[in-house]
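Quick note on labels: first sequence line is chain A, next is B, and so on, each numbered from 1. As a basis for the values below, the full set of heavy atoms in this structure was taken, side chains included, without hydrogen atoms, waters or symmetry mates.
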2 protein chains.
Amino acid sequence: MYESLFNYIKQHSKSPISADDEELIKKSFLPRGLKKKELFLEQGSICNYTGFILKGAMRQYSVDDSGTEHIIQLAIENWWMVDRESFLMKTPSVYNIDAWENTELLVLSLENLERIHTIDAIKEMFWQMNQSNFIASQKRLNYSISLPALERYEELVKNYPDFVQRFPQHTIASYLGISKETLSRVRNKYVHK
Amino acid sequence: MYESLFNYIKQHSKSPISADDEELIKKSFLPRGLKKKELFLEQGSICNYTGFILKGAMRQYSVDDSGTEHIIQLAIENWWMVDRESFLMKTPSVYNIDAWENTELLVLSLENLERIHTIDAIKEMFWQMNQSNFIASQKRLNYSISLPALERYEELVKNYPDFVQRFPQHTIASYLGISKETLSRVRNKYVHK
DNA sequence: CTGCGACGATGACATTTGTCAATAAAGAAT
DNA sequence: ATTCTTTATTGACAAATGTCATCGTCGCAG
């Protein structure tokens, strides 16, 4: 159950984990299941948990005045899902998070995060994760302001081919900030070139 | 000279700073001046320093095939400027960073960062900074994929009025991912509504 | 098995934004 | 003072993308 979490930790830190640490970590993460379409976080409420995905696929998105969803983040196995602003500041979230497939998570409250943050490996892992998240976010932003639709799609296929496999096209379109029709046309160009 | 840096640290952490810590921090940050338009980082080279801006204004941007600049990040007094990916991984950067005004910095190498990272206040400060950077980046991304040009501009004016004051319109346009002509027209709508 | 809803493709058209060119005003350099 | 550069605005037109409607397919719930 906790195997992929510990694998993730080991991959993202060099510090060893004692048996005691391991116990503390296990006690701090709670298992949770989500059915397809079930909400993990609803707009207006506080994000009380960070989730580590053991199995499944999730979406984080905003909904605008016209009811259109805008995908902020997609995540599958071995990714984290949380609205950090809401989680850290305990403020109502402007985003929704739900399960796109039936999903199994390990969830961590802020209190438990602080508790295990005394462990070097955990501290290091979150540090690493923060850095790479920021870098990825900045990269996506760069693409978003500098590349046309086709090239943004190509970058996504190159960097996150799993997303393109696991999520329907209209979700991918929203992630890229374009309409589903535009993505459909852009893909036509893409496969024929 | 180091006053605003220590103010920044105090604002972003609760841990106290001993006299020894203060000395170590002072020794780890080197003062550096940049003249207007002078490069702090050139595309293709490694970003060896993180800079804390004491005075002035800087831009981080990519340059595409057609020679157009795309502004990734703007920064003024009390902001940090760095290409994290290049800085942390010691890989050649895809971005340029330069001074838009004559600028005074305190710069920190990765080695010195690791040296002062033993200090709780520093660790906490960077942790805080990472979190808020990520949140800001995600917010900007959200706007970029979900709002039209006018509303993106309004958000910028609301959240970072200083940027709009300090940088010329074509730079703001590039930051928003639109052409300078579009921004000019959008501003007309904005001031007349 | 059947029907309904989700998904994706496509055409017609509207809207937004970009590009290019011309102009003018404000600064910076000499 | 004069020149040169940078910045901002505007018009005409082009290109990219969005919107709306329609259709066909597929998978799943009843």
Produce a footprint string for nucleotides 24-29 of chain D: one letter per nucleotide, 5' end first; B if the base is under 4.0 Å from any protein heavy atom, S if only the sugar-phosphate is, - if neither.
------
Which letters describe nucleotides 9-14 of chain C, given B = protein heavy atom under 4.0 Å from base, S = only from sugar-phosphate, - = neither?
BBBB--
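Judged as a side-chain hydrogen bond (donor to acceptor under 3.5 Å, both in side chains), and not counting sequence neighbours, the contacts of B:Asn142 are A:Ser62, B:Ser146. For the ring pair (Phe, Tyr, Trp, His ring centres under 6.0 Å) test, residues two or more places apart in sequence or in another chain that qualify with A:His12 are A:Tyr8. Remark: A:Glu69 engages A:Arg59 in a side-chain hydrogen bond (donor to acceptor under 3.5 Å, both in side chains) (not counting sequence neighbours). Residues meeting the ring pair (Phe, Tyr, Trp, His ring centres under 6.0 Å) test with B:Tyr160, sequence neighbours left out: B:Trp79, B:Phe163. Qualifying ring pair (Phe, Tyr, Trp, His ring centres under 6.0 Å) partners for B:Tyr61, counting only residues two or more places apart in sequence or in other chains: none. Residues meeting the salt bridge (charged side-chain N to carboxylate O under 4.0 Å, His left out) test with A:Lys27, sequence neighbours left out: none. Every residue two or more places apart in sequence or in another chain was checked for a salt bridge (charged side-chain N to carboxylate O under 4.0 Å, His left out) with B:Glu181, and none qualifies.
B:Ile145 places its CD1 atom 16 Å from the C1' atom of D:dT17, with the value rounded to the nearest Å. The separation between B:Arg59 atom CZ and D:dT6 atom P is 12 Å, rounded to whole Å. In this structure, A:Arg152 places its CZ atom 13 Å from P of D:dA16, rounding to the nearest Å. One interatomic measurement links the two molecules: CD1 of A:Ile172 to P of C:dC7, which rounds to 12 Å at whole-angstrom precision. Taking atom CD1 of residue B:Ile178 and atom C1' of nucleotide D:dA8, one finds them 14 Å apart after rounding to whole Å. Distance NZ (B:Lys37) to P (C:dA28): 11 Å, rounded to an integer number of Å. To the nearest angstrom, C1' of C:dA6 lies 16 Å from CZ of A:Phe167. Following rounding to the nearest Å, B:Leu147 (CG) and D:dG18 (C1') show an atom-to-atom distance of 16 Å.
Taking the six-membered ring where the residue is Trp, B:Phe29 and B:Trp80 present tilted rings, their angle falling between 30° and 60°.
A ring-ring contact (aromatic ring centres under 6.0 Å, His included) check over residues 129-152 of chain A, counting only residues at least two apart or in different chains, returns nothing. Residue pairs meeting the side-chain hydrogen bond (donor to acceptor under 3.5 Å, both in side chains) criterion with at least one member in residues 28-56 of chain A, sequence neighbours excluded: A:Ser28-A:Arg115.
Although no hydrogens or angles enter the test, the distance criterion places no donor-acceptor pair under 3.5 Å between the side chain of B:Thr182 and the main chain of B:Lys180.
Look at B:His170 and you won't find any side-chain N or O under 4.0 angstrom from OP1 or OP2 of D:dT6.
Rounded to 10°, the angle separating the first-five-pair axis and the last-five-pair axis of the helix from C:dC1-D:dG30 to C:dT30-D:dA1 equals 50°.
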